[in-house]
Amino acid sequence: MRKNIVAGNWKMNTTLNEGVGLAKDVNEALKNVTPKCDVVICVPFTHLAPVCGVIDQQKLGLGAENCADHKSGAYTGEVSAPMVASTGATYVILGHSERRQYYGETAETLKEKVRLALDNNLTPIFCIGEVLEQRENGSYLDVVKGQIEEALFDLSAEDFSKLILAYEPVWAIGTGKTATDDQAQEMHAFIRSVIANKYGNEVADNMSILYGGSCKPSNAKALFAKPDVDGGLIGGASLDAESFMGIVTAF
Ligand code: PGA
């Protein structure tokens, strides 16, 4: 069965103390509610192990925001999938548009990252999405289809089924400009059809497809009400426990 998921993406925010405090606040808030979705926080590498020690992972999943495209070795400054897994984290965001844009991630490197994440029992939250120009020139569906095909369609159906997808229109990330619920629904239904054509209806129906891009408590309900929107990947609004919980309880 397809799961509803709300995942926070803290990006490069919070010092260690601040991050542990925020994780504790979210963990505490979750004790008072029974959310109708899985809840995950993806945090900076430095925060993974300490945050793992202060949350109940039955109620709050933990993930990294990236991992290396190699398993180990002479890659100064990189953090591998086995290292992430060894902290207790079980998710990893891969292919975020900021990684593609500022750090030159390509479909080829992402393939390796996905493979290594899966080999280490990490659930990839794989991001796709078009830039404003592609939205405006009408190529956005083809762009997203290409991103999925190039990085993911070598996977077996079994492995592909382990992924979570996050559609994040780049023009909506951190801009305050959210895709309308109808724009999100159009893309999510399209993504599901692309998956169905390759892997069949069952795999497509069971895939969780999250929306990301200026999602906040005030717009989450309308987005999550759409039949093909299975939750959100939340940047800015995940940095405050109350607003993050406002999105979690939108389901
Ligand atoms: P935002 O970021 O919610 O701050 O727009 C979303 C994301 O980049 O994952």
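For ligands, and for the atoms within them, numbers begin at 1 and follow the listed sequence. Note that the structure is a prediction, hence the values are computed from the model and not measured.
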Query raised in the report: Is Ser214 in contact with ligand 1, taking contact as a heavy-atom separation below 4.0 Å?
Result: yes

Query - Pair Asp142 + Lys145: basic N to acidic O under 4.0 Å - result: no

Query - Residue and atom name of the nearest protein heavy atom (relative to atom 2 (O) of ligand 1), distance in Å to one decimal - result: Lys11 NZ, 3.3 Å

**Report entry** Contact check, Lys216 vs ligand 1, heavy-atom distance below 4.0 Å
**Finding:** no

Query raised in the report: Of all the atoms in ligand 1, which lie at a distance below 4.0 Å from a heavy atom belonging to His96?
Result: 7 (C), 8 (O), 9 (O)

**Report entry** Atom pair CG (Leu233) and OH (Tyr167), whose distance is rounded to the nearest 0.5 Å
**Finding:** 13.5 Å

Report task. Give the residue, atom name and distance (to 0.1 Å) of the protein heavy atom nearest atom 4 (O) of ligand 1. Result -> Gly236 N, 2.8 Å

Query raised in the report: Trp10 vs His47 aromatic rings, parallel, tilted or perpendicular, using cut-offs 30° and 60°?
Result: perpendicular

Report task. Return yes when atom CD of Glu149 has more than 12 non-hydrogen atoms of other residues, nucleotides or ligands closer than 6.0 Å, and no otherwise. Result -> yes

Query raised in the report: Which of the atoms of ligand 1 are close to Ala172, meaning less than 4.0 Å from one of its heavy atoms?
Result: 5 (O)

Report task. Report yes or no: do Ile125 and Ile5 belong to one cluster of Ile/Leu/Val/Met/Phe/Trp/Tyr joined by side chain heavy-atom distances under 4.5 Å? Result -> yes

Query raised in the report: What is the distance from atom CG of Leu110 to atom CD of Glu105, rounded to the nearest 0.5 Å?
Result: 5.0 Å

Query raised in the report: Heavy-atom contact under 4.0 Å between Gly212 and ligand 1?
Result: no

Query raised in the report: How far is atom 7 (C) of ligand 1 from its nearest protein heavy atom, and which residue and atom is that?
Result: Glu168 OE2, 3.0 Å

Requested in this report: Can you pull out the closest protein heavy atom to atom 3 (O) of ligand 1? Residue, atom name and distance to 0.1 Å, please.
Outcome: Gly235 N, 2.9 Å

Report summary line: So for Ile173 against ligand 1, with non-hydrogen atoms under 4.0 Å, the contacting part is both

**Report entry** Pair Lys71-Asn120, side-chain donor/acceptor within less than 3.5 Å
**Finding:** no

Report task. Record the part of Ser238 in heavy-atom contact with ligand 1 below 4.0 Å; permitted values are side chain, backbone, both and neither. Result -> neither

Query - Per-atom contacts, ligand 1 versus Leu233 - under 4.0 Å to a heavy atom - result: 6 (C), 9 (O)

Query raised in the report: Could a heavy atom of Ala166 be found less than 4.0 Å from some atom of ligand 1?
Result: no

Requested in this report: Taking all non-hydrogen atoms of both residues into account, name the closest pair between Tyr211 and Ala184 and its distance.
Outcome: CD1-CB, 4.0 Å

Query raised in the report: Do Trp171 and Glu130 have a side chain donor and acceptor closer than 3.5 Å?
Result: yes

